[in-house]
Amino acid sequence: MPEARVAIDLDVPGPTISRHLYGHFAEHLGRCIYGGFYVGEDSPIPNEGGIRLDVVEALRALNIPNLRWPGGCFADEYHWKDGIGPKADRPSMVNTHWGNVEENNHFGTHEFMALCELLGAAPYVNGNVGSGTVREMSEWVEYLTRDGDSPMVRQRKANGRDEPWKIPFWGIGNEAWGCGGNLRAEAYADLARQYATFLKDHGDNKLYRIAAGASDDDLNWTEALLKSISCLGCGRDPKNIYQAISFHYYTVAGTWENKGSATEFSVDDYYRTLSKAQDIERVIRAHSALMDAYDPERKIGLVLDEWGTWWDVEPGTNPGFLYQQNAMRDALVASLHFDVFHRHAERLVMANIAQTVNVLQAMLLTDDEGGLVRTPTYHVFEMNKGHHDAQSLPVHVIEGATYDLDGKAMDLVSASASVKDGQALVSISNLDPAAALDVVLDLRGGSPSEAAGRLLTASKPQAYNTVADPDAVAPVPLKVEPEPRGLRVTLPPHSFATVSLVL
């Protein structure tokens, strides 16, 4: 059996891994909102104000830190005033981006805030730059966060909410290089400055304004945003206009026209998918290096507010609804991403998987009869909860297997670790689709008094959960054995594991 050695410096705590790296994304897209989060008050499925309670219960188990809404591309055609007041009086609209279906606006601002309160999650509101106005977004901030008396406050109170909400995160448009307006980088940078200026802090609610950033590794877009608030090598702090810059990165193993199936794929497809997932490290490094040049004190955060796998839709479903299954392969894409996120926690401050329910790499899949499935990706989020707000630890894969993919060595072992409150958590993935792996955890600078392991794997990488078989891919205990250099675990093929240590 192949062996790997992973060295972990338990006594060298590094940057804090923000819990917001485990954020989520809910767009008015397919069955994410309607039929996913929201079933309506008249539904036989248990709900509170129309919000589906089994979905809430499942997500609360993840300690979900934030939720981004209403998009995505939908955000730049959404006008928030259409989604407040009595539902019968709310005008409908057509969702031109996703299926060209009619949207009745029954899930709006108040419903989203009720959802966040049920989840215990911080709201991340994405405003409309593409088809909206500065005034529209400014008034949305006022409506949600201002106390006392003003036109927007009076309107909020008339709609049943006296106290303002706390809304820390605000997105200034979405994908302005594409569905958010097809703008040039410099044109959007000017708009971002303008919009951010009129997004006001009301009372003690301090806004964290996020400028809509690049697709993948488009450094020209990131540099245009940086130039608009800073200067290269000038030694000055960036202007405090917006506090973060986002980017998006999807794991698409095929082409955009033919992305491939979520559950029917070859070994070659498997390797290409995980190689594409690993490339997120290069992309984050590139954006971080550029930001370091303009912002050496790291005052500006980097936000990856859309990430995940993107496959062809399941056969027989609406192509505009982006409904896909979620296999063990997807779980490994998630585990790889989190290892990278942990390593870059000093610059990367937030990430949002796309999307939470019934769309793309979802946590949960639901049906209209009350069925709910926790996906393999859900279990990675749950197993990694101990990393939330913990300090990252240096991890080095000293000995590990590789695979030759198109003449390039691809690592088949991925790992990260963190420490908090006298406990450490180690995450490890064996990416080999066929061979088990013996892993020595070479623990340095500390000796744990207790150790416990959990394992996520399946009979094959294509395995997934259904209502009929909800635990085809689910965590089980993992045996952890003492070893002269620390601990030893055996990981089956295509598996993810965590080892919890009491220090």
Side-chain angles (χ1 to χ4, degrees), residues 23-62 64 66-72 74-75 77-95 97-99 101-126 140 143-144 155-167 318 320-323 352 355-359 362-374 378 467:
H24 295 258
F25 174 31
E27 184 169 5
H28 289 240
L29 196 174
R31 295 179 59 256
C32 183
I33 299 296
Y34 299 103
F37 279 112
Y38 188 79
V39 292
E41 297 172 62
D42 297 330
S43 172
I45 297 172
N47 68 85
E48 182 173 320
I51 296 168
R52 189 168 166 161
L53 289 176
D54 58 350
V55 168
V56 169
E57 179 185 11
L59 293 175
R60 282 185 67 88
L62 301 182
I64 166 173
N66 68 73
L67 184 63
R68 180 178 180 237
W69 171 85
F74 182 80
E77 63 180 4
Y78 181 68
H79 299 281
W80 69 271
K81 290 183 181 180
D82 293 342
I84 59 173
K87 290 184 174 65
D89 297 338
R90 298 181 188 180
S92 62
M93 63 176 288
V94 176
N95 188 338
H97 286 293
W98 305 119
V101 295
E102 186 172 319
E103 155 76 49
N104 63 18
N105 277 312
H106 283 190
F107 188 93
T109 295
H110 287 252
E111 290 75 23
F112 173 66
M113 293 308 303
L115 172 61
C116 289
E117 288 176 344
L118 287 171
L119 292 172
Y124 174 6
V125 176
N126 210 127
W140 203 5
Y143 182 91
L144 281 162
Q155 192 170 4
R156 184 189 71 229
K157 290 180 177 180
N159 288 328
R161 174 76 182 197
D162 288 339
E163 297 300 317
W165 288 284
K166 297 291 185 185
I167 317 280
N318 188 322
F321 283 7
L322 305 188
Y323 178 81
N352 302 79
Q355 294 185 12
T356 315
V357 188
N358 292 331
V359 172
M363 302 293 103
L364 305 172
L365 304 177
T366 68
D367 62 37
D368 294 335
E369 286 70 51
L372 180 144
V373 172
R374 291 164 175 80
Y378 172 98
V467 171

To the nearest 0.5 Å, what is the distance between CG (Asn105) and CD (Glu111)? 9.5 Å
Side-chain touch Val467/Glu369, heavy atoms, less than 4.5 angstrom: no
Sequence neighbours excluded, which residues qualify as side-chain contact (heavy atoms from CB on, under 4.5 Å) partners of Asn318? Phe321
How far apart are the C-alpha atoms of Leu29 and Phe74, what are their side-chain angles, what is the distance that settles it, and do they pass the side-chain contact (heavy atoms from CB on, under 4.5 Å) test? CA-CA 8 Å; Leu29 196 174; Phe74 182 80; over 6 Å; no
The side-chain contact (heavy atoms from CB on, under 4.5 Å) partners of Ala362 (sequence neighbours excluded) come to Leu365
So, taking the atom named OG1 in Thr366 and the one named CD1 in Ile45, what distance separates them when rounded to the nearest 0.5 Å? 7.5 Å
Apply ring-ring contact (aromatic ring centres under 6.0 Å, His included) to Trp98 and list each qualifying residue two or more places apart in sequence or on a separate chain. none
Compare all side-chain heavy atoms of Trp69 with those of Met113 and state whether any distance is below 4.5 angstrom. no
Answer yes or no: is there a side-chain heavy-atom contact under 4.5 Å between Asn126 and Tyr78? no
Report the distance from atom CZ of Arg90 to atom NZ of Lys81, rounding to the nearest 0.5 Å. 14.5 Å
Backbone N/O of Gly35 and side chain of Asp368: donor-acceptor pair under 3.5 Å: no
Ala122: side-chain contact (heavy atoms from CB on, under 4.5 Å) partners, not counting sequence neighbours: His20, Asn66, Pro168, Phe169
With sequence neighbours left out, what residues match Asp367 under salt bridge (Lys or Arg N to Asp or Glu O under 4.0 Å)? none
Side chain to side chain donor-acceptor pair (under 3.5 Å) with Glu77: which residues, sequence neighbours excluded? Thr96
Which residues pass the side chain to side chain donor-acceptor pair (under 3.5 Å) test with Asn159, sequence neighbours left out? Tyr143
Reported CD1-to-CD1 distance for the pair Ile33 and Ile51, which is rounded to 0.5 angstrom: 9.5 Å
Check whether any side-chain heavy atom of His110 lies under 4.5 Å from a side-chain heavy atom of Ile84, and answer yes or no. yes
Can you name the residues that form a salt bridge (Lys or Arg N to Asp or Glu O under 4.0 Å) with Glu117, not counting sequence neighbours? Arg161
For the backbone of Asn358 and the side chain of Arg31, can you confirm whether one donor and one acceptor N or O come within less than 3.5 Å of each other? no
Pair Met363, Thr356 - check side-chain contact (heavy atoms from CB on, under 4.5 Å), show working. CA-CA 5 Å; Met363 302 293 103; Thr356 315; 4.2 Å; yes
Compare all side-chain heavy atoms of Phe112 with those of Pro123 and state whether any distance is below 4.5 angstrom. yes
Inter-residue atom distance Ile64.CD1 - Leu59.CG, 0.5 Å rounding: 5.0 Å
Glu103: what forms a side chain to side chain donor-acceptor pair (under 3.5 Å) with it, not counting sequence neighbours? His28, Tyr34
Partner set under side chain to side chain donor-acceptor pair (under 3.5 Å) for Trp80, not counting sequence neighbours: none
If you compare all heavy atoms of Leu144 against all heavy atoms of Ile167, which two are closest, and at what distance to 0.1 Å? CB-CG1, 4.1 Å
Enumerate the residue pairs fulfilling side chain to side chain donor-acceptor pair (under 3.5 Å) with a member in residues 35-56, sequence neighbours excluded, ordered by first and then second residue. Arg52-Asp54
Could you pull out all residues at least two apart from Arg374 that satisfy side-chain contact (heavy atoms from CB on, under 4.5 Å)? Ala58, Leu364, Leu372, Tyr378, His379
Should His24 and Leu67 count as side-chain neighbours, where that means a heavy-atom distance under 4.5 Å? yes
Hey, mind stepping through Glu27 and Cys32 against side-chain contact (heavy atoms from CB on, under 4.5 Å) and telling me if it holds? CA-CA 7 Å; Glu27 184 169 5; Cys32 183; 5.7 Å; no
